[in-house]
2 protein chains.
Amino acid sequence: MDAANQPNEDPDQPEFSGTLTLGGLEQVLGFHLRLANVAVFQDFQATMSGLALTPKQFAVLELIDNNAGASQIDFAQCLRMDKATMMALVNKLEGRGAIERRPSQVDRRRQELFVTEEGQRLLVEAKALRQGHEARFTDRFSEAELEQFKAFLRRIYQDGRTLPRPPA
Amino acid sequence: MDAANQPNEDPDQPEFSGTLTLGGLEQVLGFHLRLANVAVFQDFQATMSGLALTPKQFAVLELIDNNAGASQIDFAQCLRMDKATMMALVNKLEGRGAIERRPSQVDRRRQELFVTEEGQRLLVEAKALRQGHEARFTDRFSEAELEQFKAFLRRIYQDGRTLPRPPA
DNA sequence: TATTGTTATACTCTATAACTATA
DNA sequence: TATAGTTATAGAGTATAACAATA
């Protein structure tokens, strides 16, 4: 159907001790995407284990810092997650004193989110750790390659073209 | 610390109804990687909902098909997952009759995995559905771009350079 | 009616630890 | 001793559904 499906080059070795044949999987973009994501995620967790901060928590913390006063739903939409999921995440960040909720004066349904001073310290520490983490991957690329790589990734998720059902 | 942290261009709009400022996050490779992964994952699930096949299940099924007789641990290592996680996945595929375990004659600890005829039919159906799914993303790229994109992703995960602690 | 936040709940994915049978 | 498989379990992440307050 697609490219070469080459048979095992060494038929006397049925033990598969080392590498497996990827076959058609080799052509599947999402397959490579997921493996890359796993590799980065695992390194991130190992790097941040001292701070107990997941990539998503870090992202939300940084987003709140860059958009002080926005609401949970704003952040949830930006990161493509459910509002209930965001709720749990915000609870955790608030529970450790990194952020705080303040009821909006304009729309009393909304809770505006802000990074606390404690959160600022956490952010500084986390950003420092992230530099090492990032470098471990980015130093495999030239500056130009890196820009193109990010542009490719953006092209995948940018428009909501593939996102299923805007909630009815 | 890094690039421009431009303030809100329209200070009269504190509602953040639309887009948020990504700030430093914009420079973080893992951030783009995760969003792209989410976009592809969600489209995959929507596409495969009729077959109730997750990306990982599909990958394992196809891997078994391409490497008939390999063991669970071989597949787990290939996909960077734990043997217990693979166990659950293999149970599910076996439960729906898509694969079968056969005890190895050479090493009686091992269970060799094979795709059944039922599994072959599932694979054919799934591959057909995947074509549409894949095209929804790949048609945003030229052939050359796609190859480079995959090469970039491979560069991220290929060597285990970043994988933490080979189990002591 | 629609939206924001909230709670409760359930389901999936994942890894850890402990066990067995083999090697 | 080490490895393959297995089981039990617990944690994190996720979404769904229902509800209250507000718009």
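Letters go in sequence order (proteins before strands), and every chain restarts at 1. Keep in mind it's a predicted model, so treat the numbers as computed, not measured.
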Without decimals, in angstroms, what is the distance between [X] [atom1] and [N] [atom2]?
| X | N | atom1 | atom2 | answer |
| --- | --- | --- | --- | --- |
| A:Ile73 | C:dA2 | CD1 | P | 15 Å |
| A:Met86 | D:dA15 | CE | C1' | 14 Å |
| A:Asn37 | D:dG13 | CG | C1' | 14 Å |
| B:Met87 | C:dC13 | CE | P | 16 Å |
| B:Phe41 | D:dG13 | CZ | C1' | 11 Å |
| B:Met81 | D:dA4 | CE | C1' | 17 Å |
| A:Asp82 | C:dA8 | CG | P | 17 Å |
| A:Leu89 | D:dA15 | CG | P | 12 Å |

Looking only at atom types and distance, does a side-chain atom of [X] sit under 3.5 Å from a main-chain N or O of [Y], one as donor and one as acceptor?
| X | Y | result |
| --- | --- | --- |
| B:Thr85 | B:Met81 | no |
| A:Ser71 | A:Glu112 | no |
| B:Arg80 | B:Tyr157 | yes |
| B:Asn37 | B:Leu33 | no |

(message) Before you tell me yes or no, could you show the steps for A:Arg101 and A:Gln72 under side-chain hydrogen bond (donor to acceptor under 3.5 Å, both in side chains), namely the whole-Å CA-CA distance, both residues' side-chain angles and the distance that decides it to 0.1 Å?
(response) CA-CA 10 Å; A:Arg101 295 174 159 106; A:Gln72 291 179 194; 2.9 Å; yes
Counting just side-chain N and O atoms, does [X] come under 4.0 Å of either OP1 or OP2 of [N]?
| X | N | answer |
| --- | --- | --- |
| A:Gln45 | D:dA12 | no |
| A:Arg101 | C:dT6 | yes |
| B:Ser71 | D:dA4 | no |
| A:Thr85 | D:dA15 | yes |

(message) Of the listed nucleotides (C:dG5, C:dA18, D:dT16), which one gets closest to any side-chain atom of B:Lys83?
(response)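 Minimum distance to the B:Lys83 side chain belongs to C:dA18.
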(message) Any carboxylate oxygen within less than 4.0 angstrom of a Lys/Arg side-chain nitrogen, looking at A:Lys150 and A:Glu145?
(response)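 A salt bridge is absent here (no side-chain N lies under 4.0 Å from a carboxylate O).
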(message) Taking the basic N atoms (NZ, or NE/NH1/NH2) and the acidic carboxylate oxygens, is any pair closer than 4.0 Å for B:Arg130 and B:Glu62?
(response)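 Judged by the 4.0 Å cut-off on N to carboxylate O distance, B:Arg130 and B:Glu62 do form a salt bridge.
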(request) Return the residues of residues 51-60 of chain B meeting this criterion: a heavy atom under 4.0 Å from some atom of DNA chain D. Order them by number, or give none. (result)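 Listed by number, there are none.
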(request) Take A:Lys127 and A:Glu125 through the test salt bridge (charged side-chain N to carboxylate O under 4.0 Å, His left out) and record every step on the way to the result. (result) CA-CA 6 Å; A:Lys127 280 181 181 174; A:Glu125 262 193 283; over 6 Å; no
Protein-nucleotides 20-23 of chain C N/O pairs under 3.5 Å:
residue, atom, partner, partner atom, Å
C:dA23, OP1, B:Arg108, N, 3.0

(request) Answer yes if the side chains of A:Lys83 and A:Gln77 hold a donor-acceptor pair under 3.5 Å, and no otherwise. (result)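 There is no such pair between these side chains.
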